[in-house]
Amino acid sequence: MSEETKRNPQVGEARAAELYAQLAHWKTQIDEERLRPLEALLYTTLGILQWNHHPQGGRAVEWLMRAVELDSLQNTAWKYIRDIVLAKLASLFEDISFSPLRQVDPSEYRKQKTIELQQEMQRLTNEIWQEAKQQIERGRQAQTYLDSHDTIWQQAVSLLDELPEVVREVDGRSLAYSRSINGLFAPEEFLQELNHSIEKMNEYIERWNRIFSSYRREVPVAPSALERLDRLIGMTDIKQRIRDLYYFLLYLTKRNEKGLAMRDRIGLHAILMGNPGTGKTTIARLLAEIYHELGLLEHASVIEVDRSHLVGSYVGHTEQKVMEAVQRAVGGVLFIDEAYSLKRAGSAENDFGQVAIDTLVAAMTGGEYAGTFAVVLAGYPEEMRTFLRANPGLRSRFPESGHFVMEDFTMDELTAIGQLVARDNEFVMTESALAALEERIEAERVDTTFGNARTVKNIILDAITSKGRKLARTEELPSDEYTILYAEDFALPVPKVRSAAEYLDRLVGLSSIKDEISTLFSFLSIQQKRKEQGLLAVPVELHAIFFGNPGTGKSTVAQVYASILKEVGMLKRGHLVTVGRADMVAEYVGQTAVRTKRKVAEALGGVLFVDEAHSLIPAGTNDYSTEALDTLVEEMTKHRENLVVVLAGYPELIKELLNTNPGLRSRFKKQFHFPDYSPEELVEVAKRYASDIGYHLSLTALSRLRKIFTERGRGMNGNARLARTVIEEAAQRQARRLTDTGQTSFTTEELMRLEEADVCGIPLLQSEPLHE
């Protein structure tokens, strides 16, 4: 076994599992008999890894037995089977012993003890004897193939043959003694006989343990809180700081033992700041255990609460709830998750969050509970800093030395966490599965809502769930499907939808736009392929400006644009978030930046489409549009590769907008001009929309519509939007026409057909066009 595998058993497991996956493929091309030794070797490797790194051995025996079934000459597997069998035999009677009964004990107690004795004898016969018999047979089989002359198996067989007789004696005499008890009286000789049999059983167990004691597998001692902290993945800085804190507190403890007391109490309170899944709750529990191990707290329990547990709904209710939580936490740790939610800036006057904070601070610093418990606050970094600044009384109780920032996990750390989750659920992952896991993680890691370890755990469990779905196609799965996670298990179901390029191609008109976006799509696809082969990729600016009148397809193409960027791997989500001035600009100081950032956060991984962006041109000193634009530029810089912004509006007005903010102008180098629809294109839009909603235009209606659009020329007010509205209006006029006939039933054709009369007289078509 390589040094790398010894240091990181998951590496060996992944490689062995990957080889197994390749083996399944080779079986379809090579004679299976020739592959059996290789398959046996792989099972042996998996079995050894399981045995060496699993406290109870995991699936080691199953893997190893499969190996020798495939290749009976696989001596390494037989050696490990022998060692595992001996370790299991050594543990059979490890914690079993029987105490003699005393005449002075109450008769009911003695009677109950005889019942328990009989139950134990039944367990020895039904479970332990059967288990020992099975293990010895397996061990003797290994001995045969190893050509070993070890006498341990003869001793085991001889000793096991004695067990039924000893069991029967104890069982019979316990029953006889139980029946002899009459009130307070029981014959002395029955008790002596029973105790003599119990002594024989204990001697038998001692002999068994003496024979197998040298084969006993050492049970690892439960690690201390500090040791378990060191075993956590990542968190290098946090580990060092908590280790420093541990030795400082240990120093104070030893100093106290020497009679040197501290006049000032050292605070145990802490603040844990980090995004979801970064280990805040885990660290809080370890802190509680460290405090307890050092004798600073009575116990290591952690009482976990949030706003709902502390803030009441009427006067006096909040104080009661906070004190109830404090009383439960006495001697341990009170852990308040999302602590910033207790009191947010701008909260209503009837919000009792501040009362909860004041009550908590009072309990921490004075009264009967001061110093009897530790408080750990947890939450997102930015929100927690704002929360503490707004609550000076609370902040002063948490010195900077007790502030811990939990960084997001790196990709290597996240995949290592994924492997541990898989192993905890008795699965191993192939190397290609690890690569697939990375892809899933990368797709999820878009913004601050990414759940880190929590998300990785959900991905692993989802992959395991996908195994179960395979049973819908077959009654039974191969054995490896119950223990190995493959790359295919991490693939998300892909819905059958039309590609973005196909959708773009189906749009009416927009030939120049289609050509530009198709060229961009090809360019981005080739750049991604260059990156995959290690070549330099040409940087490209994806922020864009869409010029055009209303109804020229800007919103529709923006959605296609987002989808295309997702398909070529430039965006992780590919969704579209459409905003206007009201979504970004507020009426009060300080609120505009918040609104703008909130919309940017929604759009991360996709496209932020600012419709009628020219409405953000500042109109005066009290207009906060400038703040919105500055914030947008700042967020675009911050999320450089995770956000695409599209500004839409009229050409001249958009140019004026860009002139108001030089930072904005430098970020929008890609421009798309959306021309007005021609009369023929408007007719086609109307036809397609009618079809989409279950109607069709008669030839005369189509002719009339074409004539109206042609007479009014290109650039009719509303463009494609107008064409869709015309069909909706025509559908209403058709309904009125049909009901006016007095008929009560209609054919499908009558209900679907729009006639010339339904088109004529529509008010929209009577108004003057915007442009000639």
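On a predicted model such as this, the values are computed, not experimentally measured, just so you know.
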Side-chain heavy atoms of Leu485 within contact of Ile464, under 4.5 Å: yes

For a 4.5 angstrom cut-off between non-hydrogen side-chain atoms, does Phe212 reach Phe93? no

Take Glu257 and Lys254 through the salt bridge (Lys or Arg N to Asp or Glu O under 4.0 Å) test and state the conclusion after the steps. CA-CA 5 Å; Glu257 290 172 356; Lys254 290 184 178 294; 5.1 Å; no

Arg243 and Asp230: salt bridge (Lys or Arg N to Asp or Glu O under 4.0 Å), yes or no, with the steps? CA-CA 9 Å; Arg243 197 178 294 111; Asp230 288 335; 2.4 Å; yes

Answer yes or no: does atom NZ of Lys79 have more than 12 heavy-atom neighbours from other residues, nucleotides or ligands under 6.0 Å? no

Gly274 to Lys280 - nearest heavy-atom pair and separation: O-NZ, 3.1 Å

Grab the two heavy atoms, one from Arg110 and one from Arg102, that are nearest each other, plus how far apart they are. CD-O, 3.2 Å

Looking at Arg217 and Ala87, what are the two nearest heavy atoms and their distance? CB-CB, 4.3 Å

Derivation of the side-chain hydrogen bond (donor to acceptor under 3.5 Å, both in side chains) call for Glu131 and Gln135: CA-CA 6 Å; Glu131 173 69 12; Gln135 295 297 342; 2.8 Å; yes

Report the C-alpha separation of Thr415 and Glu438 in whole Å, then their side-chain angles, then the decisive distance to 0.1 Å, and conclude whether the side-chain hydrogen bond (donor to acceptor under 3.5 Å, both in side chains) test is met. CA-CA 7 Å; Thr415 53; Glu438 281 193 25; 4.8 Å; no

Can Arg241 be said to sit on top of Phe404's aromatic six-ring, NZ or CZ under 6.0 Å from centre and within 45° of the ring axis? yes

Gap between atom NZ of Lys111 and atom CD of Glu116 - 0.5 Å precision: 14.5 Å

Here the gap from Glu298 atom CD to Phe373 atom CZ, rounded to the nearest 0.5 Å, amounts to 13.0 Å

Could you verify whether a donor N or O on one side chain and an acceptor N or O on the other, from Gln240 and Asp244, lie under 3.5 Å apart? yes

Closest non-hydrogen contact found for Ala132 with Leu92 is CB-CD1, 3.5 Å

